[in-house]
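The shown structure was predicted, so the numbers you read here are calculated from the model rather than taken from an experiment.
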Amino acid sequence: NSSGTGYGSDVTFKTPMTPPGNALQFDGSNHVDCGTGISLANQSFTVEFWAKRNPAAVYEMAVSQGTAGVNQGLALGFINTNQFDFSFWGNDLITAAAYTDSNWHHWACVYDASAAAPGTNRWLYRDGVLAASDRSPANYQGSGNFYIGITSYTGGHFPGLIDEVRIWNVARTQDQIRADMNRDLSGTESGLMAYYNFDQSSGTVLPDLAGGDNSGTLVNSPVWTDSAAFNVWRGAAGTDWNTALNWSDGIPGASSNVYI
């Protein structure tokens, strides 16, 4: 647990590990434009990201693509009731719960175009835990520029921090999401279409580390800042859980996202 007490099997600490590095701070007037090379229409996909929002009970979309037409607009983020929305436009998966905290959380939106009816084909995970699921009656069919920090068709800027955006052309399982959410990727993972780790500290380009031509352009100057999306074991001062130097972001608290 967060006090270092073990239950069941012993924990083996691995070292070294890579902390999350940096993130981008969005103020409600800026975003990142990743261009037109990310194609998600009529296929399975997974979009993941870490976000730390400043909740304001307005439309706050973290990533988006497409236009305002049924199944033509992909938007992932919060609606004005503080619920999370996995939207194809006019075809939405919305959490029953509302979220008003300003902590870091990992969000994963999964669509499986091959799932046979009447089974579930759309899932939404918060911190690796299923938050909502349904059966979409149609594929997402949109295209166009892929945006981080804004809705492509209505504004809907995201106020807060975003880190570790990952776009896959496969429907990832819950176990796969959990295994990778608290660590950096290499960029060569199977099915990874675009990967942004946000670990730059300056400049106007957000590189795509998956090897594609999908690097993003910063618009209206979102700010590079330190990220505390997840806290990794570094073992810099021994093996004591309660030693701050052993962690990338200090001693974990009860709500910390920890990777050991």
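Across all non-hydrogen atoms, the minimal contact from Phe84 to Cys109 is CE2-SG, 3.9 Å. Across every non-hydrogen atom of Leu130 and Gln174, the tightest pair is N-NE2, 3.8 Å. Taking all atoms of both residues into account, the shortest heavy-atom contact from Ser152 to Gly66 is OG-O, 2.9 Å. In this structure, Ile148 and Val165 approach most closely via the heavy-atom pair CD1-CG2, 4.1 Å. When all heavy atoms are compared, the tightest approach of Asp92 to Ser87 is OD2-OG, 3.1 Å. The two residues Ser114 and Ser44 have their closest heavy-atom pair at N-OG, 4.0 Å.
Counting only heavy atoms from C-beta outward, the side chains of Trp50 and Asp127 approach each other to under 4.5 Å. A 4.5 Å side-chain heavy-atom check between Leu161 and Leu24 finds every atom pair outside the cut-off. Within the 4.5 Å cutoff, no side-chain heavy atoms of Asp85 are placed close to those of Leu76. Considering only heavy atoms from C-beta on, Ile177 stays 4.5 Å or farther from Asp175 through its side chain. Residues Asp184 and Glu164 form a side-chain contact, since some pair of their non-hydrogen atoms from C-beta on lies under 4.5 Å apart. At a threshold of 4.5 Å between non-hydrogen side-chain atoms, the residues Ser102 and Pro55 count as touching.
Linking Ile, Leu, Val, Met, Phe, Trp and Tyr whenever their side-chain heavy atoms come within less than 4.5 Å puts Phe49 and Trp224 in one cluster. Transitive grouping of hydrophobic side chains (ILVMFWY, heavy atoms separated by less than 4.5 Å) keeps Tyr147 and Leu206 in distinct clusters. The hydrophobic cluster containing Val63 also contains Leu218, counting ILVMFWY residues as joined when their side-chain heavy atoms lie under 4.5 angstrom apart, directly or transitively. Residue Ile167 is not grouped with residue Val110 when hydrophobic side chains (ILVMFWY) are merged at heavy-atom distances under 4.5 angstrom, including chains of intermediate members. Using a 4.5 Å cut-off between side-chain heavy atoms of Ile, Leu, Val, Met, Phe, Trp and Tyr, with links allowed through other members, Leu124 and Ile94 fall into different hydrophobic clusters.
In this structure a side-chain-to-backbone donor-acceptor pair under 3.5 Å is missing from Gln200 to Val205. No donor-acceptor pair under 3.5 Å is formed between the side chain of Thr151 and the backbone N or O of Tyr153. Side chain of Asn22 to main chain of Phe198: no donor-acceptor pair is present (N/O by atom type, distance under 3.5 Å, no hydrogens or angles). No donor-acceptor pair under 3.5 Å is formed between the side chain of Trp104 and the backbone N or O of Asp163. A donor-acceptor contact shorter than 3.5 Å is absent between the side chain of Asn169 and the backbone of Phe45. At least one donor-acceptor pair under 3.5 Å links the side chain of Ser215 to the backbone N or O of Asp208. Between the side chain of Gln43 and the main chain of Ala41, no donor-acceptor pair closer than 3.5 Å is present. Of the possible polar contacts, none joining the Gln65 side chain to the Leu74 backbone as a donor-acceptor pair under 3.5 Å is found. Between the side chain of Tyr195 and the backbone N or O of Leu185, at least one donor-acceptor pair lies under 3.5 Å. A donor-acceptor contact shorter than 3.5 Å is absent between the side chain of Gln83 and the backbone of Ala98.
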Intermediate values then yes/no, side-chain contact (heavy atoms from CB on, under 4.5 Å), Thr120 and Arg135: CA-CA 5 Å; Thr120 300; Arg135 179 162 188 89; 5.7 Å; no
Start with the C-alpha distance between Asp27 and Ser29, add both sets of side-chain angles, then the distance that settles side-chain hydrogen bond (donor to acceptor under 3.5 Å, both in side chains), and finish with yes or no. CA-CA 6 Å; Asp27 64 9; Ser29 67; 2.7 Å; yes
Show the numbers, then the answer: is there a side-chain hydrogen bond (donor to acceptor under 3.5 Å, both in side chains) between Arg53 and Asn103? CA-CA 7 Å; Arg53 66 188 285 247; Asn103 299 322; over 6 Å; no
List the steps and the verdict of side-chain contact (heavy atoms from CB on, under 4.5 Å) for Tyr99 and Asn82. CA-CA 5 Å; Tyr99 305 100; Asn82 287 311; 5.6 Å; no
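Geometrically, Arg166 does not engage Tyr196 in a cation-pi contact, judged by NZ or CZ lying under 6.0 Å from the ring centre and within 45° of the ring axis. Remark: Arg122 qualifies as a cation-pi partner of Phe88 under the 6.0 Å distance and 45° angle criteria applied to the six-membered ring.
Of the inter-residue distances, the one linking Lys52 atom NZ with Ser227 atom OG reads 10.0 Å to the nearest 0.5 angstrom. Taking OG1 of Thr95 as the reference point, atom CD1 of Ile79 lies at 7.5 Å (rounded to 0.5 Å). Between Phe86 atom CZ and Trp123 atom CH2 the span is 9.5 Å, to the nearest 0.5 Å. In this structure, the separation between CZ on Arg172 and CG on Leu192 is 8.0 Å, given to the nearest 0.5 Å. From Asn145, atom CG reaches atom SG of Cys34 across 9.0 Å, with rounding to the nearest 0.5 Å. Here Asn91 contributes atom CG and Asn71 contributes atom CG; the two are 4.5 Å apart, rounded to the nearest 0.5 Å.
Here the options are Trp168, Trp107, Tyr125, the test is side chain to side chain donor-acceptor pair (under 3.5 Å), and the partner is Glu48; only Trp168 passes.
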